[in-house]
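Okay, handing you the structure first.
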Amino acid sequence: MNTLQIDIVSAEGEIHSGEATLVVAPAQEGEVGIAPRHAPLLTQMRPGEVRVHDAGGEELFFYVSGGILEVQPHKVTVLADAAQRARDINEAAALDAKRRAEEALAKREEGVNYSSVQAELAEAMAQLQALERVRRQAKR
Amino acid sequence: MAGAKEIRTQIKSVQNTQKITKAMEMVAASKMRKAQDRMAASRPYAHKIRQVIGHLGNANPDYRHPFLIEREEVKRVGFIVISTDRGLCGGLNTNLFKKTLGAMQEWDKKGVEIDVCVFGNKAVSFMHRIGANVVAQNSGLGDKPHMEDLIGGVTVMLDAYKEGRIDRLFLVQNEFINTMSQQPELHRLLPIEPVREEEMLEHWDYIYEPSAEGLLDDVLMRYLEMQVYQGVVENVACEMSARMIAMKSASDNAGEIIDNLQLIYNKARQAAITQELAEIVSGAAAVE
């Protein structure tokens, strides 16, 4: 057997799946070329290009913004990131999410009053149930 | 013809409402199908990443990542709550909030403080209204949620966990059972429950580059983000199916109202004609 199974998947969907003779990926420690019967390897990827030499002789290119590369003797899996990711980008996003929360927080009173909120929710549920009952009666 | 005109206008307006609810029903149905596809699309990634975690855990049993360690004492817990952005989807969000609130109250009774991270407009306004301690939020994720929109909030919670500010992290979201039923579910995200043996492939001895520890860090982070992402996608599917059902019953209701009004209208018309006839006949009789 001189091909290997290549799967490129991301959280938002499958990107590519097929047979290949050679896969070149941007590993953390430098670009790696993976031919069939490569030793099992697990590594992070930098943003870059994954090149797949198809079993049909075609060369396919996929851009990944990082991720994890897993190699088994006849199977390569690229777990591509669905989003641009870098420590600073993550932090910026985190700060953003925090800021939004704090802005909203500025205009409200303290503490959770569980009982009153639960009463409100119960009321909403009761309303929904009443609607359901009315509907059923109307059908009869 | 007393009131006939008014009844006609009423029928017209209900018909217009029915048109809208029907359109919304159809839109929700088609969006639901797409959301379900998206749910399925993220599954291979989820499966794969769980296997990798299993391998990594087995490969270096000495290294214990903070995400995997069970903490004895719980002083503060985190909740990630996923709701819809828009309403008109029946009791979907109400049920979810009820579940969340129940869990929050239980911790509260034990004297445990709570941090909340919310996704979706409805949860944002609910959590702020009840005065929960919201530490991160994002809304307007749309029908096609993207990882980028979630990373911020998730990072806030994971950092809080790493730094020991929270000792547990939960995810609350609606679970898609089928088109007719959705159920609010509460999952524990952190600490991660260990991967069961049967989920693992035959054991490979990997070469790790640059180090197994660093890799585990990265993989776990992605795993958690992915779980939240899946939750969001599933919630969209729930939203759409709940809206479809709600709009379908609204259309049905409108149909019933129209039928009833039509009946009243016909009766009124008939009564008017009868009265007119009676007047003519009695008028003629008086002349004779």
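Note on naming: letters A, B, ... go to the chains in the order of the sequence lines (proteins, then strands), and numbering restarts at 1 for each one.
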Original post:
What's the spacing between B/E225 CD and A/D81 CG if we round to 0.5 Å?
Top reply: 8.0 Å

**OP:** Return the option, out of B/M226, B/Q105, B/K98, with the maximum number of heavy-atom pairs under 4.5 Å with chain A.
**Re:** B/Q105

**OP:** Decide if atom CD of A/E58 counts as having more than 12 heavy atoms of other residues, nucleotides or ligands within a radius under 6.0 Å.
**Re:** no

Subject >> Smallest separation among heavy atoms of A/E12 and B/A41, with atom names >> reply: O-CB, 4.0 Å

**OP:** Could you tell me which portion of B/F97 (side chain, backbone, both or neither) has an atom closer than 4.5 angstrom to a non-hydrogen atom of chain A?
**Re:** both

Original post:
Which residue out of B/S125, B/S42, B/S139 racks up the most heavy-atom pairs below 4.5 Å with chain A?
Top reply: B/S42

Original post:
Who among B/D218, B/L215, B/I114 has the most heavy-atom pairs with chain A under 4.5 Å?
Top reply: B/L215

Subject >> For B/I207, the option from A/T43, A/L42, A/L41 that meets side chain to side chain contact (heavy atoms under 4.5 Å, CB included) >> reply: A/L41

Subject >> Over 12 foreign heavy atoms within 6.0 Å of CD, B/E106 >> reply: no

**OP:** Heavy-atom distances under 4.5 Å only: say whether A/I68 touches chain B with side chain, backbone, both or neither.
**Re:** side chain

Original post:
For the residue pair A/V9 and B/Y45, what are the closest heavy atoms and their distance?
Top reply: O-CD1, 3.7 Å

